[in-house]
Amino acid sequence: MKDQLKLLWELQKIDLELKSIKEEKDRHPKEIKKLDERQRIEKERIQKEREKVESLEKTRRQKEAHLSAEQEKIKRAEGRMSEVKTNKEYQALLTEIDALKEANSRMEEEILQVMDEIDELKKDLSKREKEMGGILEKIEGERKKLQEKMVLGEKAWNERMERREVLSKQIESKLVKLYTTLKEKRQGVGVVSVKSETCQGCFVHVPPQMFIEVQKNDALIRCPHCNRILYWDGDRDRK
Ligand SMILES: [Zn+2]
């Protein structure tokens with residue numbers, strides 16, 4: 001019985017490890033998803049800023065095209081100066097040219113403003129791009145670490161599953177069955193240690209005589225309160 005209990009104790013420890021490995025394994029895809037999301041948000045933010053610069057560049061080109069068309073108009077108007085015959089016509093043409101020139105100088109002003117805005121945005125953008133580079137690098141680092149953890153988790157899982165297989169064959173099937181039933185009913189714990197006369201599964205005191213018996217580890221003893229199989233895990237547990 002001693003050997004059987006020892007094997008069962010090992011099986012329990014492995015099952016608890018498997019449980020926590022599984023919890024971690026389940027968490028990993030969610031963490032990867034979070035990283036993807038962070039990456040997407042970063043890229044989107046920069047993309048919006050780039051689009052804003054592009055849109056201003058477009059505005060600037062449009063204004064410049066408009067300006068040069070208007071300048072052509074001035075040239076043509078000035079060309080007509082030599083053809084005018086009356087003072088009235090001459091005055092009218094001068095007024096037209098003045099109005100065009102005024103409009104153009106306003107347009108030039110506007111173009112300068114847009115250019116200033118573009119310069120400002122570009123400065124911000126290059127700063128942001130540098131920042132984003134750092135952030136994305138960090139995210140990639142986290143992703144790599146996570147992937148390594150996933151590989152290790154898989155390895156740890158497989159190793160324990162293999163050991164579990166071996167142990168399950170070495171333990172009497174009746175005992176495995178009892179343990180499995182208890183484990184399912186008692187939050188994954190079917191075998192527990194006893195410390196200071198207390199069951200470590202339900203934390204209720206066990207009778208002193210039972211505690212003495214448990215320490216021998218040579219009989220199947222179950223906690224009177226939670227029904228779990230009791231195991232003495234050595235002197236180091238004694239307080
Ligand atoms: Zn108990």
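Of the listed residues (Lys33, Lys34, Gln39, Arg40), just one forms a side-chain hydrogen bond (donor to acceptor under 3.5 Å, both in side chains) with Glu37, and that residue is Arg40.
With sequence neighbours excluded, the residues satisfying side-chain hydrogen bond (donor to acceptor under 3.5 Å, both in side chains) with Glu17 are Arg160. The salt bridge (Lys or Arg N to Asp or Glu O under 4.0 Å) search around Glu108 returns none, not counting sequence neighbours. With sequence neighbours excluded, the residues that form a ring pair (Phe, Tyr, Trp, His ring centres under 6.0 Å) with Tyr231 are Trp9. Under the salt bridge (Lys or Arg N to Asp or Glu O under 4.0 Å) criterion, Asp36 pairs with Arg143, sequence neighbours left out. Residues passing the salt bridge (Lys or Arg N to Asp or Glu O under 4.0 Å) test with Lys216 are Glu213, sequence neighbours excluded.
Under the 3.5 Å distance criterion, the side-chain polar atoms of Glu64 are left unmatched by any main-chain donor or acceptor of Ile111. Here the side chain of Gln12 pairs a donor or acceptor atom with the backbone of Gly190 at under 3.5 angstrom. Formation of a donor-acceptor pair under 3.5 Å by the Arg38 side chain with backbone atoms of Ile139 is not found in this model.
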Would you check, one step at a time, whether the test salt bridge (charged side-chain N to carboxylate O under 4.0 Å, His left out) holds for Glu54 with Lys58? CA-CA 6 Å; Glu54 275 166 27; Lys58 200 178 157 196; over 6 Å; no

Please lay out, stage by stage, how Leu7 and Leu175 fare under the test side chain to side chain contact (heavy atoms under 4.5 Å, CB included). CA-CA 11 Å; Leu7 293 172; Leu175 196 54; over 6 Å; no

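Residue Glu89 holds its CD atom at 10.0 Å from CZ of Arg80, rounded to the nearest 0.5 Å. Between atom CG of residue Leu178 and atom CZ of residue Arg222 there is a gap of 4.5 Å, rounded to the nearest 0.5 Å. Annotation: the span from Ile171 atom CD1 to Leu5 atom CG amounts to 9.5 Å, rounded to 0.5 Å. Note: Glu42 CD to Glu131 CD = 8.5 Å, rounded to the nearest 0.5 Å. Going from atom NZ of Lys195 over to atom CG of Asp233 covers 8.0 Å, rounded to the nearest 0.5 Å. One distance of note links CZ of Arg163 with OG of Ser168; it measures 10.0 Å at 0.5 Å rounding.
Applying the 6.0 Å contact sphere to CD of Glu137 captures no more than 12 heavy atoms from other residues, nucleotides or ligands. Around the CZ atom of Phe203, the shell of radius 6.0 Å holds more than 12 heavy atoms that belong to other residues, nucleotides or ligands. Counting non-hydrogen atoms of neighbouring residues, nucleotides and ligands closer than 6.0 angstrom, the NZ atom of Lys25 exceeds 12 such neighbours.
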Could you give the side-chain donor-acceptor pairs of residues 122-130 under 3.5 Å, partners two or more places apart or in another chain?
unit_1, atom_1, unit_2, atom_2, d
Lys122, NZ, Glu57, OE2, 3.2
Ser126, OG, Lys123, O, 3.4
Arg128, NH1, Glu49, OE2, 2.3
Glu129, OE2, Arg50, NE, 2.9
Glu129, OE2, Arg50, NH2, 2.8

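Side chains of Val114 and Ile118 form a contact here, defined as non-hydrogen atoms less than 4.5 Å apart.
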